[in-house]
Amino acid sequence: MELERLQLDLDGPVARVWLNRPETRNAFDGLMVTELRKTLFDLGSLDQVRVVVLGGRGPSFCAGADLQWMKAAAGFTREENLREAQALADLFFTVYNSPKPIVARVQGAALGGGSGLVAASDIPVAALGTQFGFTEVRLGIVPALISPYVIGKIGESAARELFLTGERFEAVRAAEIGLVRAAVPPEDLDAAVEGRVQELLQAGPRAVAEAKALIREVAWKRVEDVQRYTVERISDLRVSPEGQEGMRAFLEKRKPSWVK
Ligand code: COA
């Protein structure tokens, strides 16, 4: 697919996906939503790719939904309006549900849906000074589609404050509430992202995908309700080729086959 709104760099096991509409601070319109969803979906089935880094070209990671595009919904039928909202919901779910670990590289601003992409990703790392915010209420709307991911990361208490005020906050606060995993000086951002990538490359590729699925299945559930699932997962994976190789490598004091 020709990409107009994104740039994709494949670098061995690492795929770097750049939102590439810096003139609007990478605000996403229908085309960007389609391209990003399809790109992440396709990367999910490429064996060669083991980590995805999601970043934004220009001064800001992502200014959220394109407000011209959101405003234009007034001219849609109810059906069209629902369809467009569903496409955007599918994008956040694709990030969250990708079998590949997704590291978000965040600078400048991540507002509204931009903060949603951060929340849906696995390991967001931000530059100090980055502005975050669930600014929707200040625009007369709500952070509806992103709410499951954001509440999952920051919890109800912080969500009540930040969704209701729509206030902007800085990277240090984003790290304190768990929206991002680290806030580092801007000049250290690439090194911090690379550090996360290198750690992820130590893990078995199938095990990473399974660990992601495990978190999705287990979070917020009663232990009794997930115990059967957890018993099955460990039983399946410890006899899988990857599990056997990983344990054998440890016992033989060598690197497993997936570590270069
Ligand atoms: N939708 C559409 N256009 C947007 C946009 C958005 N979400 N965010 C920024 N833009 C446009 C601006 O209108 C401006 O267009 P112009 O050059 O035609 O005037 C251009 O992008 C650059 O924005 P500007 O505000 O001048 O850049 P900045 O670097 O000073 O600030 C932001 C960047 C992201 C902090 C600021 O643009 C902002 O606060 N945007 C609103 C984000 C928001 O509330 N999003 C929630 C959506 S639900």
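Since this is a predicted model, take the numbers as computed values, not measurements. One-based numbering, in listed order, for ligands and for the atoms of each.
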Please indicate whether Arg254 has more than 12 foreign heavy atoms, meaning atoms of other residues, nucleotides or ligands, lying under 6.0 Å from its CZ. yes

Interfacing atoms of ligand 1 (cut-off 4.0 Å, heavy-atom, Leu67): 1 (N), 2 (C), 6 (C), 7 (N), 47 (C)

Using 30° and 60° as the class limits, which term best fits the ring planes of Tyr149 and Phe92: parallel, tilted or perpendicular? tilted

For atom 25 (O) of ligand 1, is there a protein heavy atom at a distance under 4.0 Å? no

Which residue supplies the protein heavy atom nearest to atom 44 (O) of ligand 1, what is that atom called, and how far is it? Thr135 OG1, 2.9 Å

Protein contact for atom 1 (N) of ligand 1 (heavy atom, distance under 4.0 Å): yes

Determine whether Phe28 and Asp66 make a side-chain contact, defined as any pair of heavy atoms from C-beta on separated by less than 4.5 Å. no

Has Lys221 got more than 12 heavy atoms of other residues, nucleotides or ligands less than 6.0 Å from its NZ? yes

With the side chain counted from C-beta on, respond yes when Leu19 and Arg5 share a heavy-atom pair under 4.5 Å apart, and no when they do not. no

For atom CD of Gln68, is the number of surrounding heavy atoms from other residues, nucleotides or ligands below 6.0 Å larger than 12? no

Counting only heavy atoms not in Arg233, do more than 12 sit closer than 6.0 Å to its CZ atom? yes

Residue and atom name of the nearest protein heavy atom (relative to atom 14 (C) of ligand 1), distance in Å to one decimal: Glu23 O, 4.6 Å

Would you tell me which option among Gln131, Met70, Arg168 has the nearest heavy-atom contact to atom 39 (O) of ligand 1? Arg168

Does some non-hydrogen atom of the protein lie less than 4.0 angstrom from atom 18 (O) of ligand 1? no

As an exercise, state the distance from CG of Leu54 to CG of Asp122, rounded to the nearest 0.5 Å. 11.0 Å

Please report whether ligand 1 has a polar contact with Gly113, defined as an N or O pair separated by less than 3.5 Å (distance criterion only). no

Name the closest protein heavy atom to atom 29 (O) of ligand 1, giving the residue it belongs to and the distance to 0.1 Å. Arg25 NE, 2.8 Å

Please write down residue, atom name and distance for the protein heavy atom closest to atom 9 (C) of ligand 1. Thr24 O, 3.8 Å

Rounded distance (nearest 0.5 Å) linking atom CD of Glu170 with atom CZ of Arg173: 11.0 Å

N/O of Gln68 under 3.5 Å from N/O of ligand 1, yes or no? no

Single-linkage hydrophobic cluster, 4.5 Å side-chain cutoff, Leu6 and Val106 together: yes

List ligand 1 atoms under 4.0 Å from Asp66, heavy atoms only on the residue side. 1 (N), 2 (C)

Between the candidates Pro59, Gly58, Pro143, Ala63, which shows the shortest non-hydrogen contact distance to atom 34 (C) of ligand 1? Ala63

Answer yes or no for atom 21 (O) of ligand 1: protein heavy atom present at a distance under 4.0 Å? yes

Less than 4.0 Å from atom 12 (C) of ligand 1, is there any heavy atom belonging to the protein? no

